[in-house]
Protein chains: 2
Amino acid sequence: MKTQLVIFEDNENLRKSLVVLLNSSEEYQVVGDFPNVLKAGNQVKDLDPDMIILDIDMPGKDGISVIPEIKESKPEISIVMYTQFEDEDKIFRSLCAGADGYILKKTSPMVLFQALEEVRKGGAPLSPAIAKKVLASFHQKANNALKYNLTPREIEVLKLLIKGYSIKYIAAELFIAYDTCKAHLKNIYTKLHVNCGKEAIAKVLAERIIFD
Amino acid sequence: MKTQLVIFEDNENLRKSLVVLLNSSEEYQVVGDFPNVLKAGNQVKDLDPDMIILDIDMPGKDGISVIPEIKESKPEISIVMYTQFEDEDKIFRSLCAGADGYILKKTSPMVLFQALEEVRKGGAPLSPAIAKKVLASFHQKANNALKYNLTPREIEVLKLLIKGYSIKYIAAELFIAYDTCKAHLKNIYTKLHVNCGKEAIAKVLAERIIFD
DNA sequence: TTTACAATCCCCTATAAGGGGGGGATGGAC
DNA sequence: GTCCATCCCCCCCTTATAGGGGATTGTAAA
């Protein structure tokens, strides 16, 4: 039973080459190839492939935009992005939409085939440069607590604040008076350059300043 | 100029084998190997390696816990986790702390060497199973807005709320009355099962329900 | 057509939170 | 010793927010 593929790629030469190469293998069979994703939803539904190779920059409609539609109709389908773009916006939009892999065209086509193999085995192939960006998104800013000169006590208060707790509750949790807690928060807001608790929570969580 | 390595691994046989194998290569030189991370900070500072192979489960102290210390003293150092654990908690704690790669021991040792190569070239090696979990952490984000049955307008309001904006400001931004905005927020709070804006921000950002 | 609901606006009240003071105790740095 | 930072506590006052009520449109489904 060959793995059935559909390819969306607007470069005719590249697409046809992929079709020929993949069809010559024992493992893969290209059941459809298209230069755009304007009718991707129906095409995928009709052809019912196991895997999709998806370019991003195509005439008419962005490749990323069809991912949700496809994943919704058949969640177990594997979508491998195959593109020249390595800007974070496109990467994260693709991955969030549900892409299972992200391979850059600038790497050798060999890598694409290895990636397909990896997907077949249940992995998630990412080009090294992509993996690096993905990992970087996890790295929390090193010791931002120091950066803002927060005292240990202020950090304790802040940690509870970003859980959404009320001032009253935070005070109780730390066994200090309500007003003391407010005083700490006042100092925290000053140091973080924000004006209220909501801003503080937003800033801390968005920048991943504290995270344990 | 060989790439200088330090290895933290409590399994004597495994560690010594890695030392021998890596030292036999042209590219690597193991400048230190230790069965625990109790003095990792100083050891790394003294030996000043380019790369670190780091186990997680070691006697005395968790491997993950020394990552921040190491990264702080030398941010450009590459840390590759080499462990048997594939539970999400350890993975994400490692990556958040600053790990540059995460390789499972159950894969062949060959893979570790490939991973080191990849790091040398500026990549970020992840075992397929790990990469899949990392990608999965991006995927869930998509449908969460739907999960809570938020209307498009409510999502708009929520997006502004999680930036830390005041109700007044949000209302102005959306060209609606203050009370309308409050009404939306009331519905949002109900749907998210929270009692106030701070809780809502905390919940949304912590669960990555919305993020564009 | 009736029902349902999203989106809009308004009123009122109680509580939570922010902003401004001041003061006292500790412990380390100079 | 003095100085300073930290941490803790208390007061007052204003604003922001939450929670409750109700009402009107338009739209879309039943």
Side-chain angles (χ1 to χ4, degrees), chain A residues 68-69 72 143-207 209-210 212, chain B residues 142-207 209-210 212:
Chain A
E69 191 182 348
E72 197 173 341
N143 278 18
N144 281 337
L146 295 176
K147 176 175 153 194
Y148 290 104
N149 285 315
L150 294 172
T151 69
R153 195 58 160 175
E154 284 164 356
I155 292 175
E156 278 185 272
V157 174
L158 187 50
K159 277 184 185 174
L160 296 176
L161 181 74
I162 63 175
K163 288 184 178 176
Y165 295 163
S166 69
I167 299 179
K168 196 188 294 182
Y169 187 91
I170 296 172
E173 196 79 1
L174 297 177
F175 303 105
I176 56 178
Y178 174 78
D179 280 305
T180 307
C181 192
K182 280 208 316 183
H184 285 309
L185 285 170
K186 202 190 320 187
N187 294 329
I188 292 171
Y189 298 160
T190 303
K191 291 180 180 177
L192 291 184
H193 306 298
V194 297
N195 295 309
C196 66
K198 294 195 304 181
E199 268 188 76
I201 297 172
K203 177 160 191 164
V204 170
L205 292 183
E207 296 186 6
I209 294 173
I210 295 182
D212 28 72
Chain B
N143 301 5
N144 279 354
L146 296 176
K147 176 175 148 194
Y148 290 102
N149 285 315
L150 295 173
T151 68
R153 195 55 161 174
E154 285 163 357
I155 292 176
E156 279 185 272
V157 174
L158 188 50
K159 278 183 184 173
L160 296 175
L161 182 74
I162 63 176
K163 288 184 178 176
Y165 296 164
S166 68
I167 300 178
K168 198 188 291 182
Y169 187 90
I170 297 173
E173 195 79 358
L174 297 177
F175 302 106
I176 57 178
Y178 174 77
D179 280 304
T180 306
C181 192
K182 278 208 321 181
H184 285 310
L185 285 170
K186 203 191 316 187
N187 293 329
I188 291 170
Y189 297 161
T190 303
K191 290 180 180 178
L192 292 184
H193 307 297
V194 297
N195 296 310
C196 66
K198 293 196 303 182
E199 268 188 76
I201 297 172
K203 177 159 190 163
V204 169
L205 292 182
E207 295 185 7
I209 294 172
I210 294 182
D212 34 60

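Letters A, B, ... are given to chains in the order of the sequence lines, protein chains preceding strands, and every chain is numbered from 1. From a predicted model like this one, the values you see are computed outputs, not experimental measurements.
Under the 4.5 Å side-chain criterion, counting only non-hydrogen atoms from C-beta, Leu174(A) is in contact with Arg153(A). For the pair Leu160(A) and Glu156(A), the minimum side-chain heavy-atom distance is 4.5 Å or more. You'll find the side chain of Asp179(A) reaches within 4.5 Å of the side chain of Lys182(A), heavy atoms only.
In this structure, Leu185(A) atom CG and dG19(C) atom P are separated by 11 Å, rounded to whole Å. One atom, NZ of Lys168(B), and another, P of dG18(C), lie 15 Å apart when rounded to the nearest Å. Atom pair Lys191(A):NZ and dG18(C):C1' shows a separation of 18 Å (rounding to whole Å applied). Distance, Asn195(A) CG to dT14(D) C1': 15 Å, rounded to whole Å. The distance between atom CG of Asn187(A) and atom P of dA5(D), rounded to the nearest whole Å, is 12 Å. Atom CD in Glu199(A) sits about 11 Å away from atom P in dT17(D), given to the nearest Å. Summarising the geometry, the separation between CD1 on Ile167(B) and C1' on dA16(C) is reported as 12 Å, rounded to the nearest angstrom. Per the geometry, NZ belonging to Lys182(A) stands 14 Å off P belonging to dT14(D), to the nearest Å.
Crowding of Lys191(B) atom NZ: a count of heavy atoms from other residues, nucleotides or ligands under 6.0 Å exceeding 12.
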Base contacts versus sugar-phosphate-only contacts with protein, heavy atoms under 4.0 Å: please encode nucleotides 22-30 of chain D as B, S and - from 5' to 3'. ---------
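Summarising the geometry, atom OG1 belonging to Thr190(B) is positioned 12.5 Å from atom CG belonging to Asn149(B); distances are rounded to the nearest 0.5 Å. Atom NZ of Lys203(A) and atom CG of Leu205(B) lie 14.5 Å apart (nearest 0.5 Å). Going from atom NZ of Lys168(A) over to atom SG of Cys181(A) covers 12.0 Å, rounded to the nearest 0.5 Å. From Tyr189(A), atom OH reaches atom CG of Leu158(A) across 9.0 Å, with rounding to the nearest 0.5 Å. Atom CG of Leu185(A) and atom OG1 of Thr180(A) lie 11.0 Å apart (nearest 0.5 Å).
Of the candidates dC8(D), dG18(C), dT8(C), the closest approach to any side-chain atom of His184(B) belongs to dT8(C). Across dG21(D), dA18(D), dC8(D), the shortest atom-to-atom separation from the side chain of Lys186(B) is found for dG21(D).
Taking side-chain N and O atoms only, Lys198(B) has no distance below 4.0 Å to OP1 or OP2 of dA18(D).
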Full working for side chain to side chain contact (heavy atoms under 4.5 Å, CB included) between Ile176(A) and His184(A): CA-CA 11 Å; Ile176(A) 56 178; His184(A) 285 309; 4.0 Å; yes
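The stretch residues 171-181 of chain B touches DNA chain C through Ile176(B), Ala177(B), Asp179(B), Thr180(B), each having a heavy atom within less than 4.0 Å of the strand.
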Might you list the N or O atoms of the protein lying below 3.5 Å from N or O atoms in nucleotides 3-5 of chain C, with each pair's distance?
none

